[in-house]
Chemist: 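Structure below; questions to follow.
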Amino acid sequence: MICAIVLARKRWYDLTFQYEFCSIHKGLVHNTIMKGLKSKESHEKEVMEPVSVDIDTTQQLLADPLPFARSYQLEALEKALKQNTIVFLETGSGKTLIATMLLRSYAHLLRKPSRFIAVFLVPEVFLVRQQAGVVRMHTDLNVGMYWGDMGIDFWHAATWKREIDKHEHMAYAMDNDLWINMYRGNHPYACIMTEFYHRELMSGHHDLPRIFGMTASLIKSKGANSESYYRQQICELENIMNSKVYTCASETVLAEFIPSPASEFLFYEPMKIPDGIYAFLEEELGNLKAKHELLLKQLDLSELAAESVHNKISKVHSTLMFCSGELGVWLAFQAARFLSHRDTDSDFVAWGKVDVSGKTIVKNFCWDASLVISNCFSAECCIGDNTEADVGAGLITAKVLCLIKTLLQYRDLKDIRCIVFVERVITAVVLESLLTELLPKHSGWKTKYMTGNNSGLQSQTRQMQNEIVEEFRKGMVNIIVATSILEEGLDVQSCNLVIRFDPPSSVSSFIQSGGRARMQNSDYLLMVEREDSTTHSRLENYLSSSEIMRRESLRRSATSCSAPQSELHEDEFYSVEGTGAVVTLSSSVSLINFYCSRLPSDGYFKPALRFIIDKEKETCTLHLPKSSPIPNICVQGNIKNLKQKAYLEACKQLHLIGALTDNLVPGIVVEEAAAQEDGNERYDDEQPIYLPPELASPGPRNLKTKYYCYLIELNQKFDYDVPVHDIVLVMRTELESDVLSSMGFELDVERGLLAVSLRYIGDIYLDQVPVLLCRMFQITLFEVLIHRKVNRLEEVLKGLELGTGVVMDYFLLPAIRSRSQPSIDWEPISSVLFSYKNEDHFNCSSKGNAHVVHPKGGPVCTCVLQNSLVCTPHNGRVYCITSASEHLNGRSLLKLRDGESKNARVDLPPELCDIILSPVSISTLYSYTFIPSIMHRLESLLIAVNLKKMISDHCMQNVDIPAMKVLEAITTKKCQEKFHLESLETLGDSFLKYAASQQLFKLYQNHHEGLLSKKKEKIISNAALCRRGCDCKLPGFIRNEVFDPKLWMVPGDKCGSDLLSEELLSESRKIYVRGRRKVGSKRVADVVEALIGAYLSTGGEVLALFFMDWIGIKVDFMIVPNERHFQLQAEKFVNVRYLESLLNYSFRDPSLLVEALTHGSYMLPEIPSCYQRLEFLGDAVLDYLITMHLYKEYPGMSPGLLTDLRSASVNNDCYAQKSSLGSTFGWESETSFPKVLGDVIESLAGAILVDSGYNKEIVFQSIRPLLEPLITPETVRLQPARELNELIQKQHFDYKKSVVSNGRNASIEIVVGANGVIFKHTATAADKKTAEKLASKEVLKSLKESNFASSSTPSKID
């Protein structure tokens, strides 16, 4: 096995791993590996300047050995520094340390920001951490680790670039026998070398990777007696790797450091189980197999599923017969019990798409087989008590007995670590079971098995494998029965016994498995049947192979590598000039098959190729699937490789037309990778809360400042003995008429509705003194009204001054009603300066009749106490004094007048009161309680105005949209307002989908539906919309929290103003941030769609496109001719006149009608395309047209109802039902319909749209009759499953759903508990969705008939 370190330029490494992300099977590696080989000069500079790896080693590459390195390791290091080297040394010789010292020598060239990286390839996942740990221990390089389970096969190039920029050394798990196999035929890595490395080398390029390989065996094959065979194999390896093999010349030096296990043959007798027992099992298990295959035929399974189950039964039967004959009846019984898995969830068989019933048959067969096998021995049988007798009874075979006896010979050895290598997974499983049963009787050894996780049989997780290896190292496990997974590089220094239960399959397997025995005086035992001379001879050859390879390597050490011979001829490959990507005759087969596998398909067909070969004319016509932009390829040439030539020509044509990228990868693969990259992009849900700049400004201001005055008119529409008063809003910014008109609304208050309006009443100039007075007044008022606290009021007011920071700079002042012109009432405002020392408090209007009372602060006239705001310091409560009772005195009994609520009227002794404001009426105070909610609406409107202006800055034209519509689009349902974005989101979503679809349809006329859908997803996905919204700073404008008056920022209060910070929206526009809160990514995407809907509903498609352009979505509605590269007589295939009469539309190009009705499975070449592209377009236009129809037809509809109507109208089930039944509403159908029926409705819509020059009105007029009667608010019905779910949540019913597959059908049982009554129904349908719908419908019906729809009592289902 060769492990390799590659020192590479970034560009080379990026190419190597580009393949891993963009292909599914290895045959495509050379299609993508060549990216950038022949880059244009501009591209070359963009990637990086060329860097030569031909380094002056005397000056730059100095060896950096470790002090404990051995002599031969240092010698190998010197070789590796001078040239590409493959180190051939025995297992345990420390090859990894040589690699580590090589990395240390290159470290100064690898450290960031260097453009170099090193790649360490290992054959097994568990070796990634092991080798990476060694590199980290002995170097300071930043090491990254990678293997398949991390999902790296689908990583985008950008992801790899980030990893490369982050790490200097990358440990990567590749396929088994990667480098050993790479010089064999068309192995992907052979293609890397021949198609890239060798070609670049032959072209005189020197900026190529340096290569260092490590192996314990240079030969992978079964070997041969001839030394010339070994010589040829080593020569081929050196030539393909462009490297020289190094091995230590002195055996004495190696023997000093490397213990070699003593190899010995163990011969066992060719004794199988008794013939009678084997014949019995063969007959009984055969009958059992036939019985279960008959049961299989009785199931209603598809042909494919039935064949899959049949194959699995046959596989299990074959496995049990193998165990019976080769291992013994007792182990066959253990295998059957294991395979039945009655009590576990793990699967020995890879089930694939086998459903529940298929699995049951296979497991039942295993269980029944275990019962049959158990008849061959008594229930009291105890395995291992008499092993010789066990062999005679057929419980075990002589081979198994040999293993048992061999192990028991080592029972006196302390700390034994033994690995038993087997060929089959089932052998490992049952031998572990046997040894676990038997060995504890003779020793305290613990046994476990270990197999690969890609065996297709029993899968062990990476974690399980790592745990077993670690327990083996620590001595907690003594014996591991393993498949070839442990042949590779397991570093267990204490392993002292290796047994090959099954012979190794190759030279490398023989050497590597023996190399696991690292201890001095360890043994390597090879079990061979005594009469099997062929295997014995092969193993004898293996024993001598290491010495032969060593001699040949030393003999070749003085010779240089042969010049690479390019196998690529001009007529045998196709190369992309811009990137250097190459596809050959052989690799083109994999590429085209892969391309076809990624074309759109459905339940009725899979895209497939067809060949027509004319041997006489030596021509081959390759017919590609209809969704391919190229219908067929015709080539001529040698009949032997004619198909390959057709494949290669198809690759060329598909690339030229754009179906394959410049890296010769199907476009959809790149789009999928990009989409995954977008989906993995991190989103920070902590987003700012914007505050409109109209409500805040920086200080100080020493001069008089102009303020605009607006009257907040309040009109209460409820009966209450306290009337409301108007309030004057004073602010520095003049409000637009759009804002004033939008401020007319009704506010829901506790007692009813309060009508609010806002109008301009003039302006005023204020200097510092009145500004401070106004601030003190409103801070005092709101501190009392909102927080009901006065203890910190004095402290707040004392510290109040005109500072330098940003403050909420507007005032809310009481108004004086006037017939001519309302004005500000300054008297209550001045009362914030109330002082008990003021003599005016005793100048009562009734001269000589002043009635003095004594509040806490001092004596005042009773008229001062009336219409005042006071607090009672002893309990901290606040009261509004409305009148004075002259008839009460200190002896009077005080009691509640109007009940005991906190708002009740009470009698208070003046001596308990402390005056806060006087005079201020209760009407004024009551009116101010509504101000936070009113100002919240104004603040929200101003936020919408700022967003509208920011968007309008992008356009030279005058773009006008009501601020209230923008506010609706940024207000979520969570705010609990009377309006929210749901309707606009629904509308915007449909328009966005249509706009993107028609743009892609026109722009990429050669792209199939699958690729168009992926491109559309990149535009309209939530992740994409969220990213664009964040780029445009939309999250800060979103209103997504219910308003809490207690959190309202009191204008002028410095405590709240400290939170304000300024943020630039653009060079000329700023806004303030008043905090942060969480906004989900989907919420941002919803707002983007809602804003599209807002601009669409008020300004039409032009304004919607304008907004989309601002957000970064570039689409247009320019009419682009639909290119048709074929002539078609439509009348030959469809009844054009009849269909046109049905659609009430005459086609200018009838071939579009034929295309709209052609399924992908229709393979006649006369029709080169199918309906999938038109369906893609039609789906989007129908969605948009129906949504727009509903929005306009029912303008007063609630957002929720619009969403329900759209969901019921725009879905494939609905289209399919209308096309077949004609009068079914939404979800009423009790059966599922083929998706193709709905697809045809959509493709017809797409065909009409294209043929009519994208006239959407014509499409709606033509398709609407097919959809009549359209669903209305009166006829809409919720999907039953959803309706039932909403009822359950509302009424707190208990709910249980069970899913059971039954062949081709699915059965769903739904159980609902209500008030202790159980309602349940089971429905069976062709799919789970329909079955759930039917079951939900029946349960709903029963609940309604039993009048449980209004019940709210929770219930439980047992």
Side-chain angles (χ1 to χ4, degrees), residues 1 3 91-97 99-100 120-138 143-150 171-174 176 214 216 259 261 344 346 407 410 413-422 425 427-429 431-433 435-436 439-440 443-455 457-499 501 512-520 522 524:
M1 182 63 225
C3 293
T91 300
S93 59
K95 295 186 289 293
T96 301
L97 191 66
T100 304
F120 201 133
L121 304 178
V122 295
E124 297 290 348
V125 173
F126 66 84
L127 292 177
V128 174
R129 293 186 182 278
Q130 178 177 296
Q131 305 296 59
V134 174
V135 175
R136 284 173 175 160
M137 181 186 300
H138 298 298
V143 182
M145 298 184 293
Y146 309 91
W147 57 88
D149 288 350
M150 296 171 63
Y172 188 78
M174 305 299 289
N176 287 324
M214 301 174 284
T344 64
S346 57
L407 287 172
Y410 290 85
L413 185 65
K414 293 182 178 180
D415 297 326
I416 189 172
R417 303 286 196 285
C418 172
I419 301 176
V420 180
F421 282 104
V422 298
V425 174
T427 306
V429 173
L431 282 181
E432 184 228 29
S433 179
L435 297 178
T436 301
L439 291 180
S443 65
W445 295 344
K446 184 176 180 181
T447 307
K448 285 194 175 182
Y449 74 87
M450 187 168 171
T451 60
N453 68 343
N454 292 320
S455 61
L457 299 173
Q458 171 63 19
S459 293
Q460 289 181 321
T461 64
R462 303 292 185 198
Q463 182 178 355
M464 291 169 60
Q465 293 172 354
N466 292 335
E467 288 174 355
I468 293 171
V469 171
E470 191 60 31
E471 289 176 352
F472 189 66
R473 285 196 177 103
K474 294 178 179 178
M476 300 165 61
V477 170
N478 305 96
I479 301 173
I480 296 179
V481 186
T483 56
S484 60
I485 184 175
L486 283 189
E487 290 180 359
E488 302 288 350
L490 177 64
D491 184 20
V492 182
Q493 301 290 339
S494 56
C495 181
N496 48 18
L497 177 61
V498 172
I499 301 176
F501 185 77
Q512 289 161 356
S513 55
R516 297 308 102 218
R518 297 286 191 87
M519 287 284 286
Q520 289 286 349
S522 56
Y524 182 28

Chemist: Would you give the length of the straight line joining atom OG1 of Thr427 to atom CZ of Phe501, rounded to the nearest 0.5 angstrom?
Modeler: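 The distance works out to 6.5 Å.
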Chemist: Side-chain contact, heavy-atom cut-off 4.5 Å: Glu470 with Asn466?
Modeler: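 Not in contact.
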Chemist: Run the side-chain contact (heavy atoms from CB on, under 4.5 Å) test against Thr91 and tell me which residues pass, sequence neighbours left out.
Modeler: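 In terms of side-chain contact (heavy atoms from CB on, under 4.5 Å), with neighbours along the sequence ignored, Thr91 is linked to Ala216, Arg516, Arg518.
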Chemist: What pair of heavy atoms forms the shortest contact from Tyr410 to Trp445, and how long is it?
Modeler: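 Shortest heavy-atom contact: O-CZ2, 3.3 Å.
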Chemist: Looking at side-chain heavy atoms only, is the closest gap between Gln512 and Phe421 below 4.5 Å?
Modeler: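 A side-chain contact under 4.5 Å is absent here.
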Chemist: Please check if the number of heavy atoms outside Arg129 that lie under 6.0 Å from its CZ is greater than 12.
Modeler: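 No.
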Chemist: For Glu467, give me all partners under salt bridge (Lys or Arg N to Asp or Glu O under 4.0 Å), at least two apart in sequence or on another chain.
Modeler: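 None.
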Chemist: State, with a plain yes or no, whether a side-chain heavy atom of Ile419 is found less than 4.5 Å away from one of Cys495.
Modeler: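 A side-chain contact under 4.5 Å exists here.
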Chemist: With distance as the sole test, does Asn478 use its side chain to make a donor-acceptor pair with the main-chain N or O of Lys446 at under 3.5 Å?
Modeler: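 Between the backbone of Lys446 and the side chain of Asn478 there is a qualifying donor-acceptor contact (under 3.5 Å).
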Chemist: Is it the case that the side chain of Asn496 and the backbone of Ser522 share a donor-acceptor pair, with hydrogens and angles ignored and the cut-off at 3.5 Å?
Modeler: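 Between the backbone of Ser522 and the side chain of Asn496 there is no qualifying donor-acceptor contact (under 3.5 Å).
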Chemist: Which distance, rounded to the nearest 0.5 Å, do you find between the CD of Gln131 and the CE of Met145?
Modeler: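 Going from the CD atom of Gln131 to the CE atom of Met145 covers 12.0 Å.
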Chemist: Considering only heavy atoms from C-beta outward, does the side chain of Thr100 approach that of Met137 to under 4.5 Å?
Modeler: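 The answer is no, as the side chains (C-beta and beyond) never meet within the 4.5 Å cut-off.
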Chemist: What residues form a side-chain contact (heavy atoms from CB on, under 4.5 Å) with Thr483, not counting sequence neighbours?
Modeler: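 Scan of Thr483 (side-chain contact (heavy atoms from CB on, under 4.5 Å), adjacent residues dropped) gives Val422, Val425, Thr451, Ile485.
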Chemist: Between Phe472 and Arg417, which heavy-atom pair has the shortest distance, and what is it?
Modeler: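 Closest approach of Phe472 to Arg417: O-NE, 2.8 Å.
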Chemist: Could you tell me if Ser433 and Tyr449 have a donor-acceptor pair between their side chains, going purely by distance under 3.5 Å?
Modeler: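 Looking only at side-chain atoms, Ser433 and Tyr449 do not form any donor-acceptor pair under 3.5 Å.
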Chemist: Provide the closest heavy-atom pair for Tyr524 versus Ser513 in the form atom of the first, atom of the second, distance.
Modeler: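 Minimum heavy-atom separation between Tyr524 and Ser513: OH-OG, 2.9 Å.
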Chemist: Rounded to the nearest 0.5 Å, how far apart are CE of Met464 and CE of Met450?
Modeler: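 That separation rounds to 10.0 Å.
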Chemist: In Å, rounded to the nearest 0.5 Å, how long is the span from CG of Leu497 to CG of Leu407?
Modeler: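 The CG atom of Leu407 is 7.0 Å from CG of Leu497, to the nearest 0.5 Å.
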Chemist: Any idea which heavy atoms bring Val481 and Ala428 closest together, and the distance?
Modeler: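 Reported closest heavy-atom pair: CG1-CA, 3.6 Å.
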Chemist: Can you confirm whether Leu439 sits close enough to Ile479 that some side-chain heavy atom of one is under 4.5 Å from a side-chain heavy atom of the other?
Modeler: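 Leu439 reaches Ile479 side chain to side chain.
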